[in-house]
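Shown next, in structure tokens, is the structure this report addresses.
Letters A, B, ... mirror the listed sequences (proteins, then strands); counts begin at 1.
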Amino acid sequence: MSALALYDTLTRTTSPFVPLKSGEVSIYLCGATVQAPPHIGHVRSGINFDILSRWLTKSGYKVTFIRNITDIDDKILAKAVVEDMPWWAVAMKYEREFTFAYSALNVLPPTYEPRATGHITQMIELMSDLIAKGIAYAPGNGDVYLEVRKLSSYLTLSRQKLDDLLPAGETGDGFKKDPRDFALWKAAKEGEPFWTTPWGNGRPGWHLECSAMIHAYLGDAFDIHGGGLDLIFPHHENEIAQSQAVGWKFAARWMHNAWVTTSGEKMSKSLGNSLLVRAMLERYRGIEIRWYLVSAHYRSMLEFSETALNESVVSFRRIENFLHRAGEKLGYIPEPVISQNFTDAMNDDLAVPQGLAHISEAMRIGNLALTSDDVVGLSAAASEVRGALDVLGCDPFDPAFGKPENDQAEALDGLIKLALSQRQSARARQDFAASDSIRDSLATLGIIIEDTPQGPRWSLTPTTSRTPHQREER
RNA sequence: GGUGGAGUGGCCGAGAGGCGAGGCACAGGACUGCAAAUCCUGCUACACGGGUUCAAAUCCCGUCUCCACCUCCA
């Protein structure tokens, strides 16, 4: 039995995972700033850490998973002007978009999903402590800054030197002692929302909310802090700075997911709407998009291409088809079983691509068993495939992806069987023109006919319309 | 300028001193009335130049190209 080892951004090495508290794991993931609808890059992060959480759970840990929502920030205020809505309505609108996307892609809900605006009290307490320790200061304009030169250590995660940083663009209008000092709290400008503090009316800076929420739910020390690569600096550095300055131990391990890129470049919102999750769900099923995003290692860039996505969809349908055929042959849906091979792959810093090779191997064995009527072998192989898919959140039988069977499906089955019996009689009298014409007509409707030694079987070409629940607002 | 990451066959994508990961595509074969599905076989790649070693895609030195972060970011 292999032991779980995970990469740590702080040490830049993969090391055995040892939880702070035996049998329990606490994870904090920097979630969305809800100022725009999510594209597939955003949900890749959610999916990667969903898999981490699922794998820890399968490994027997009790997982506490906190994923925050930043619902107040400059961009949200800017969007409120553009959309002519209150800022809180903007935040809620896009929060729902994220929730919809996570749900459609089978990202399990976190244990708790705290919002920044719900934790102003904790933020004020944290600032008070930092000011009392002489590490933060309120210059009197309503801002509160953290004085980075006062820190005993800083920039350990990104391994940079303070003096090597390019001069900050934001100077704080001369109120900062050093241009690299960062804002814990920002004074409200005319017409902006604010909360009252001892230092004036204002709102949270970008980094403070995470430290406050982490401490509220996970305490002084917790196991894993996650987020996208770009958060290493400044966001996570500043979280470390303000949290450790008040004496919290903070994260024991840092994990960062890589980008989805297009044409070799980081995805940006200026690329248009085509890669928004909602738009992609018009063309692909959630499980297929998830499969595509899962197939690359979480620390590798995933270069998006339509071709690669389509190939990924085909390969997923092949697996799905195998499981369905196995189920038909066995008369029951095989229970998920996690193989040793797959366990070893996952334990090696969540090496999903290696796990995929084991799925292929199990499929090959399973298909052989299927043609040679080896029911025991088939059941074992199908269980192994399903177990692996289950860990990846891509189990076709997961109720999260909806049940294709319903009353109409029964009627459809009857109709197609009727057509198939016509075709069989045509074949029996060697009238292949007629039999092929029936097959072609069905194919036009998206119904695929395959002749097997047990007789013909039919399946539908998967379309998004088969899973309409995924497109509904929740 | 500073800090990281990447370059692998037609394509995608693992691996990190020796034994061809895997998938897709393609070609041949088996099966089939024909297909489809499936199986079998084939396709010996690691940016470039040096070096270390019995042995290098993997380690070392150098070079090139691309990407990210350096206070908006998943």
Problem set entry | Spacing between A/E450 atom CD and B/U38 atom C1', to the nearest angstrom | 9 Å
Problem set entry | Closest listed nucleotide, where the reference is the side chain of A/Q354 and the choices are B/G15, B/C34, B/A74 | B/G15
Exercise. Nearest of B/G4, B/A74, B/C70 to any side-chain atom of A/R159?
Worked result: B/G4
Exercise. OP1 or OP2 of B/U38 less than 4.0 angstrom from a side-chain nitrogen or oxygen of A/R318, does that happen here?
Worked result: yes
For this session: Taking all heavy atoms of A/N106 and all of A/R54, pick out the closest pair and write down the distance.
Result: O-NH2, 2.8 Å
Problem set entry | Minimum-distance nucleotide (side-chain atoms of A/D436 versus B/C70, B/G33, B/U38) | B/G33
For this session: Supply the atom-to-atom distance A/L231 CG to A/N257 CG, rounded to the nearest 0.5 angstrom.
Result: 8.5 Å
Problem set entry | Protein-nucleotide distance (A/I359, atom CD1; B/A21, atom C1'), rounded to Å | 14 Å
Exercise. Using a cut-off of less than 4.0 Å, is there contact between a side-chain N or O of A/S360 and OP1 or OP2 of B/A21?
Worked result: no
For this session: Report which part of the nucleic acid A/R325 touches: base, sugar-phosphate, or nothing (heavy-atom distance under 4.0 Å, all strands).
Result: sugar-phosphate
Exercise. Planes under 30° and centres closer than 5.5 Å, is that true for A/F432 with the base of B/G33?
Worked result: yes
Exercise. So what does the secondary structure string of RNA chain B come out as, 5' to 3', with Watson-Crick or wobble pairs under 3.5 angstrom, [ ] for crossing and | for pairs with another strand?
Worked result: (((((((..(((.....[...))).(((((.......)))))....(((((..]....))))))))))))....
For this session: Just compare B/G33, B/A14, B/U71 and give me whichever is closest to any side-chain atom of A/S300.
Result: B/A14
Problem set entry | From B/C72, B/U71, B/A35, nucleotide with atom closest to A/K75 side chain | B/C72
Exercise. A/H297 near the nucleic acid: base, sugar-phosphate alone, or nothing, with a heavy-atom cut-off under 4.0 Å?
Worked result: sugar-phosphate
Exercise. Looking only at atom P, what distance separates B/A56 and B/G18, rounded to whole Å?
Worked result: 11 Å
For this session: Provide the distance between the two P atoms, one in B/U8 and one in B/C48, to the nearest whole Å.
Result: 10 Å
For this session: May I ask you to say what A/V314 touches in the nucleic acid, namely base, sugar-phosphate or nothing, with a heavy-atom cut-off under 4.0 Å?
Result: nothing
Problem set entry | Between A/D349 and A/Y298, a side-chain donor and acceptor under 3.5 Å | yes
Exercise. Does the pair A/T13 and A/S15 meet the rule for a side-chain hydrogen bond (donor to acceptor under 3.5 Å, both in side chains), with working shown?
Worked result: CA-CA 6 Å; A/T13 55; A/S15 56; 5.0 Å; no
For this session: Nearest whole angstrom, please: distance from the C1' of B/A74 to the CG of A/N48.
Result: 10 Å
For this session: Send over the distance from A/W254 CH2 to B/G4 P, rounded to a whole Å.
Result: 18 Å
For this session: Can you tell me, in whole Å, how much space there is between the P of B/U58 and that of B/G50?
Result: 14 Å
Problem set entry | Selected nucleotide, minimal atom distance to A/Q160 side chain, candidates B/G15, B/G2, B/C34 | B/G2
Problem set entry | Separation between the P atoms of B/C24 and B/U41, rounded to whole Å | 14 Å
Seminar exercise, completed: Side-chain atoms of A/S315 come closest, of B/C34, B/A36, B/G23, to B/G23
Exercise. With respect to the side chain of A/T371, which nucleotide from B/A14, B/U38, B/A74 is positioned closest?
Worked result: B/U38
For this session: Using the C1' atom on both, measure B/C54 against B/G17 and round to a whole Å.
Result: 12 Å
Exercise. For the ring pair A/F49 and A/H225, is the centre-to-centre distance below 6.0 Å?
Worked result: no
Problem set entry | B/A6 versus B/G15 - spacing of their P atoms, nearest Å | 10 Å
For this session: Tell whether A/D451 reaches the base of B/C34 with its side chain through a donor-acceptor pair below 3.5 angstrom.
Result: yes
For this session: Under 4.0 Å between any heavy atoms, over every strand shown, what does A/G227 touch: base, sugar-phosphate, or nothing? Just pick one.
Result: sugar-phosphate
For this session: Using the C1' atoms only, state how far B/G10 lies from B/G42, rounded to an integer number of Å.
Result: 15 Å
Exercise. For A/Y7, is the NZ or CZ atom of A/R299 found under 6.0 angstrom from the centre of its six-membered ring and inside 45 degrees of the ring axis?
Worked result: yes
Exercise. Atom NE2 of A/H207 and atom P of B/A74: how far apart are they, to the nearest Å?
Worked result: 13 Å
Exercise. Just to confirm, is there a sub-4.0 Å distance from OP1 or OP2 of B/C39 to any side-chain nitrogen or oxygen of A/N367?
Worked result: yes
Problem set entry | Distance in Å, A/I214 CD1 paired with A/E239 CD, rounded so as to fall on 0.5 Å steps | 4.5 Å
For this session: Could you tell me the separation between the CG atom of A/D348 and the P atom of B/A16, rounded to a whole number of Å?
Result: 7 Å
Exercise. Closer than 4.0 Å, any side-chain N/O of A/R364 to the OP1 or OP2 of B/C40?
Worked result: yes
Residues 109-116 of chain A, side-chain donor-acceptor partners within the protein, below 3.5 Å, at least two apart:
from	atom 1	to	atom 2	distance (Å)
A/T111	OG1	A/F65	N	2.7
A/T111	OG1	A/F65	O	3.3
A/E113	OE2	A/R67	NH2	3.1
A/R115	NE	A/E95	OE1	2.7
A/R115	NE	A/E95	OE2	3.4
A/R115	NH2	A/E95	OE2	2.8

Exercise. Nearest of B/U71, B/A74, B/G33 to any side-chain atom of A/S435?
Worked result: B/G33
For this session: Just compare B/G23, B/G33, B/U71 and give me whichever is closest to any side-chain atom of A/E311.
Result: B/G23
For this session: Would you sort out whether A/Q242 and A/N238 count as a side-chain hydrogen bond (donor to acceptor under 3.5 Å, both in side chains), showing the intermediate values?
Result: CA-CA 6 Å; A/Q242 66 209 184; A/N238 290 350; over 6 Å; no
For this session: Round to the nearest Å and state the distance from A/I232 atom CD1 to B/U71 atom P.
Result: 15 Å
Exercise. In whole Å, what is the span from the CG atom of A/L229 to the C1' atom of B/G5?
Worked result: 8 Å
Exercise. 5'-most contact on RNA chain B: A/H358 or A/T33, nearest heavy atom basis?
Worked result: A/H358
Exercise. Given the rule in the ring-ring contact (aromatic ring centres under 6.0 Å, His included) test, do A/Y217 and A/H119 qualify, once you have shown the distances and angles that lead to the verdict?
Worked result: CA-CA 11 Å; A/Y217 300 101; A/H119 299 79; 5.4 Å; yes
For this session: Using the P atom as the reference point in each nucleotide, state the distance between B/C67 and B/A25 in Å, no decimals.
Result: 31 Å
